Amino acid sequence: MTSEPLHPVPAPGRRTVVAAVGATGLAVALTACGSDNGSSDSSSSNTQAGDNASGGSSASSSTSSGSGGTVLAKTSDIPVGGGKIFKDHGVVVTQPTAGTYKAFSSKCTHQGCAVSEIANGAIICPCHKSEFSVTDGSVKKSPATQPLPAEKITVSGDSITLA
């Protein structure tokens, strides 16, 4: 006696195959678009600001020496009233006034684009032109509504280190 299945198993339908291929393509696209860690371009952007922004201070700057961390720059690399963008570390370091160093995330709070320049006391996002203060990361120009998150740095001698 042969054992043949009583009910043959049908092949998947065209709709099932198209839906599976579409879902796979969507997953690949979302994975590629979702990873915005700024590592695609490891160069740094350095821009001076023409005006000095005024505002409150933040606890994101420290003058104590720290162990560990990544050395980002020398203090002389950061212009007064401006800053430097470290794309490979996802951070912006500013010097709003002489000897005061601040650090913020380089990811715009509006839609997550990486900020691209610092001019006239503002950190500028290229996507929709949001502007943030070099002093405290607060929003100076919309469409962003949230400030840039502060990052922890330490300044020891002439070295600025990401904590």
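Sequential numbering from 1 along the given sequence is applied to the chain's residues. Computed from a predicted structure; not experimentally measured.
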Please enumerate all residues that pass side chain to side chain contact (heavy atoms under 4.5 Å, CB included) together with V139, with sequence neighbours excluded.
F132, A144

Might you point out which heavy atoms bring A119 and I124 nearest each other, and give the distance in Å?
CB-CD1, 4.1 Å

Distance, nearest 0.5 Å, that separates OG1 of T70 from CD1 of I153:
12.5 Å

Decide side chain to side chain contact (heavy atoms under 4.5 Å, CB included) for V115 and S106; before the verdict, give the C-alpha distance in whole Å, the side-chain angles of both, and the deciding distance to 0.1 Å.
CA-CA 5 Å; V115 297; S106 64; 3.9 Å; yes

Which pairs count as ring pair (Phe, Tyr, Trp, His ring centres under 6.0 Å) when at least one residue sits in residues 142-163, sequence neighbours excluded?
none

My understanding is that only residues two or more places apart in sequence, or in another chain, count here; which of them pass side chain to side chain contact (heavy atoms under 4.5 Å, CB included) with S138?
S133, D136

Disulfide (SG to SG under 2.5 Å) contacts touching residues 129-163 (sequence neighbours left out)
none

Point-to-point distance, once rounded to the nearest 0.5 Å, from OG1 of T109 to CZ of F104
12.0 Å

Can you tell me if T97 and T100 form a side-chain donor-acceptor pair at under 3.5 Å?
yes

Given the rule in the side chain to side chain contact (heavy atoms under 4.5 Å, CB included) test, do F86 and V92 qualify, once you have shown the distances and angles that lead to the verdict?
CA-CA 6 Å; F86 298 90; V92 179; over 6 Å; no

Any chance you could measure I123, atom CD1, to E131, atom CD, to the nearest 0.5 Å?
10.5 Å

Could you state the interatomic distance from OH (Y101) to CD1 (I160), rounded to the nearest 0.5 Å?
5.5 Å

Those residues that, when tested against P143, pass side chain to side chain contact (heavy atoms under 4.5 Å, CB included) (two or more places apart)
H110, H128, S130

Note: S159 and K74 closest approach over all heavy atoms is OG-NZ, 4.4 Å

Gap between atom CD1 of I78 and atom NZ of K102 - 0.5 Å precision:
14.5 Å

Residue list, side chain to side chain contact (heavy atoms under 4.5 Å, CB included) with K129, at least two apart or on another chain
K141

Any disulfide (SG to SG under 2.5 Å) involving residues 120-163? Give me the pairs, sequence neighbours left out, ordered by first then second residue.
C113-C127

Enter the distance from T154:OG1 to L162:CG here, rounded to the nearest 0.5 Å.
8.5 Å

Taking the side chain from T161 and the backbone from V71, do they hold a donor-acceptor pair closer than 3.5 Å?
no

Hey, mind stepping through V91 and L72 against side chain to side chain contact (heavy atoms under 4.5 Å, CB included) and telling me if it holds?
CA-CA 9 Å; V91 69; L72 293 174; 3.9 Å; yes

